[in-house]
Amino acid sequence: NIWTYSFRSVHIWQCSLVWEEEKYEAGIKWKFLEHKGPYFPPEYNPLPENLNFYYNGEKLKLGLRAEEVALYFAQMLDHEYTTREVFRNNFFKDWRKEMTLEERMLITDLEKCDFGEYHNFHKQKVEERKNRTKEEKQVLKEANQKITDEYGFCMLDHHRERIGNFKIEPPGLFRGRGDHPKQGLLKKRIRPEDVIINCSKESHVPEPPAGHQWKEVRHDNTVTWLASWTDNVQGATKYVMLNANSKLKGEKDWEKYEVARQLKSRVDGIRAQYKDDLKSKQMGTRQRAVALYFIDKLALRAGNEKEEGETADTVGCCSLRVEHIMLHDSLDGEKCVVEFDFLGKDCIRYYNKVPVTKRVFKNLKLFMENKQPGDDLFDRLNTGMLNKHLSSLMPGLTAKVFRTYNASITLQQQLKELYDECVGTEKLLSYNRANRAVAILCNHQRAPPKSFEQSMANLQAKIEGRKEQLTLAKAELKKAKKEAKGNSDTKLVVEKKKKAMQRCEEQLLKMEVQATDREENKEIALSTSKLNYLDPRISVAWCKNMEVQLDKIYNKTQRDKFAWAIHMTEKDFEF
DNA sequence: ACGCATACTTAGAATCAAATGA
DNA sequence: TCATTTGATTCTAAGTATGCGT
């Protein structure tokens with residue numbers, strides 16, 4: 001039973017905060033871990049014989065390996081990125097590596113390749129998938145459930161826990177975000193021989209698939225992952241880890257917010273400190289102070305340095321370059337304005353014009369002196385130095401704690417501020433508004449939904465319809481009033497008409513509010529902050545105080561993830 | 001101080017499933 | 001009842017942060 005389980009877990013967590021040292025030695029994450037190993041995607045299924053690939057107009061039967069990789073490309077043909085030079089070149093280079101000698105000799109120009117039949121085959125498959133009957137869907141669902149039951153859970157210290165990503169990533173063409181230099185490269189099939197298994201010595205070690213061996217089996221209880229492999233495109237390690245609703249992840253999440261709350265009580269001192277540091281004789285200290293000012297005020301990310309040419313060109317605070325900011329002594333009636341324009345994580349553009357203090361402004365001018373646009377703004381600073389400084393100010397303090405702290409405190413403040421105006425109107429709307437303020441602060445954007453304009457127009461049409469209805473209702477009310485003239489019989493009718501009119505008015509207002517909400521949300525993603533930055537206890541307490549059902553705010557997955565907060569939070573919780 | 005490896009969180013898009021309405 | 005829309009879930013890339021060897 002999930003509820004007793006969760007309740008018991010929270011009980012354990014509450015103890016663990018107090019007895020942390022006693023429970024495990026530092027760095028030990030578990031005592032027992034058992035699982036079935038990751039689930040591998042199905043082997044490649046060759047195309048039907050009658051399907052052809054054409055090179056330079058000539059029919060050509062590709063070998064299995066070349067065919068498989070060609071199909072990856074053919075499947076993507078509807079996407080814009082298959083037209084990009086970098087993508088095409090990378091794909092072609094890697095595809096040729098999979099060819100036989102003869103194929104490689106013959107196929108030397110991607111432009112001469114015709115994947116049309118492969119592409120159509122794929123589209124047909126997608127269509128078939130879409131048109132599956134209820135029964136077929138049911139059968140597939142059950143088969144999937146069986147896989148999840150077998151591979152999707154593990155035993156960790158007497159708890160059966162869900163695994164977050166127990167499926168090995170299938171092969172395909174790498175799709176980085178933005179202008180990625182490696183887009184189109186072949187992401188190779190992962191075999192058991194590539195996979196490291198991590199589990200208890202005394203557990204039942206997972207069986208590798210028939211005829212295969214694991215790369216390694218280790219028993220490291222200082223880490224939380226169950227399996228890992230190296231991705232051939234980036235050379236990065238990928239991990240199989242627990243689901244967010246697990247005790248291990250929940251505890252970590254709780255800890256994160258507790259650190260952010262500690263920052264709350266010390267932030268005044270820390271701010272005073274970095275304001276003071278703006279005057280330092282040391283250039284490095286001044287740069288650190290300005291960077292911290294940005295991180296605190298604008299919720300910028302730390303900005304680790306990245307290897308050039310390996311990823312898209314994105315930056316965070318410490319890696320800002322001169323070209324990413326513009327200084328305006330005065331702009332739109334404000335003094336000392338900094339104009340930011342850069343690509344951040346996932347190539348999301350950060351654009352903002354912010355008035356800053358005179359001292360910060362002067363420092364920025366100084367940092368930019370005698371520099372080229374491509375030079376680092378903070379040439380005496382990196383994230384390591386910044387975090388080292390921060391951890392000396394408060395244990396556990398790093399740059400990203402500021403984002404968590406500022407996000408959560410903003411939510412709490414906004415909810416308080418919006419409290420008055422949301423009585424009477426929609427409570428949920430005010431919650432969304434507060435959530436949105438945070439999303440804007442953290443620059444969480446999304447591509448507008450494909451059907452946004454259409455759905456907006458539909459809603460607008462409905463509003464118009466309701467408006468007409470309202471005018472009608474008003475007219476009827478007036479008429480009824482006229483006819484009433486002290487007649488107690490018709491007074492009832494007047495009341496009825498009045499009620500109808502009011503109901504109509506309410507519905508109209510609700511729709512208009514919904515329209516505003518949706519419009520304001522067009523390019524803003526609320527889910528990221530809700531899931532990663534907002535202390536769930538703020539939301540749980542708000543729901544209790546406002547008498548709003550929690551499932552109006554959090555869906556099932558979110559309630560699972562925040563089970564710890566749901567059970568421990570009282571009405572009077574304050575971040 | 002650095003360069004690199006490791007482990008973990010955060011991120012938006014793609015896909016799938018449920019709800020809604022013609 | 002079917003098609004469309006919306007919301008939930010899955011996927012995996014892209015960050016942060018820290019430790020280690022030189």
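In the text below, chain A, chain B and the rest are named by the order of the sequence lines, each starting its count at 1.
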Atom [atom1] of [X] and atom [atom2] of [N]: how far apart are they, to the nearest Å?
{"X": "A/Glu255", "N": "B/dT9", "atom1": "CD", "atom2": "C1'", "result": "13 Å"}
{"X": "A/His79", "N": "B/dT15", "atom1": "NE2", "atom2": "C1'", "result": "11 Å"}
{"X": "A/Asp78", "N": "B/dA14", "atom1": "CG", "atom2": "P", "result": "13 Å"}
{"X": "A/Met241", "N": "C/dT12", "atom1": "CE", "atom2": "P", "result": "16 Å"}
{"X": "A/Asp231", "N": "B/dA5", "atom1": "CG", "atom2": "P", "result": "14 Å"}
{"X": "A/Arg380", "N": "B/dA1", "atom1": "CZ", "atom2": "P", "result": "13 Å"}
{"X": "A/Lys141", "N": "C/dT10", "atom1": "NZ", "atom2": "P", "result": "12 Å"}
{"X": "A/Tyr39", "N": "C/dC11", "atom1": "OH", "atom2": "P", "result": "12 Å"}

Q. Going by distance alone, is a donor N or O of one side chain under 3.5 Å from an acceptor N or O of the other, for A/Asn521 and A/Arg436?
A. yes
Q) Does one side chain, of A/Thr224 or A/Tyr239, offer a donor that lies under 3.5 Å from an acceptor on the other? A) no
Q. More 5' along DNA chain B: A/Arg132 or A/Ile348, using each one's nearest nucleotide?
A. A/Ile348
(Q) On DNA chain B, does the nearest nucleotide to A/Tyr81 precede the nearest nucleotide to A/Met385 from the 5' side, or the other way round? Give the residue. (A) A/Met385
Q: Quick one: sort the A/Trp564 and A/Phe562 rings into parallel, tilted or perpendicular, breaks at 30° and 60°.
A: perpendicular
Q. Base, backbone or nothing for each nucleotide of nucleotides 14-19 of chain C, written B, S, -, heavy atoms under 4.0 angstrom, 5' to 3'?
A. BSBBS-
**Q.** 4.5 Å side-chain heavy-atom contact, A/Leu298 and A/Tyr350
**A.** yes
Q.
I want to verify a distance call: between B/dA13, B/dT10, B/dT6, whose nearest atom is closest to the A/Tyr239 side chain?
A. B/dT6
Q) So which nucleotide from C/dT10, B/dA7, B/dT10 ends up closest to the side chain of A/Arg162? A) C/dT10
Q.
I want to know whether A/Phe174 and A/His180 have ring centres closer than 6.0 Å.
A. yes
Please list each protein N or O that sits under 3.5 Å from an N or O in nucleotides 4-6 of chain C, with the distance.
| unit_1 | atom_1 | unit_2 | atom_2 | d |
| --- | --- | --- | --- | --- |
| C/dT6 | OP1 | A/Arg518 | NH1 | 3.2 |

Is the number of heavy atoms from other residues, nucleotides or ligands under 6.0 Å of [X] [atom1] greater than 12?
{"X": "A/Glu80", "atom1": "CD", "value": "yes"}
{"X": "A/Lys36", "atom1": "NZ", "value": "no"}
{"X": "A/Glu128", "atom1": "CD", "value": "yes"}

Q) C/dA3 phosphate, OP1 or OP2: any side-chain N/O from A/Lys130 under 4.0 angstrom? A) no
Q: Report yes or no: is the cationic atom of A/Arg559 (NZ for Lys, CZ for Arg) under 6.0 Å from the centre of the six-membered ring of A/Tyr554, at an angle within 45° of the ring normal?
A: no
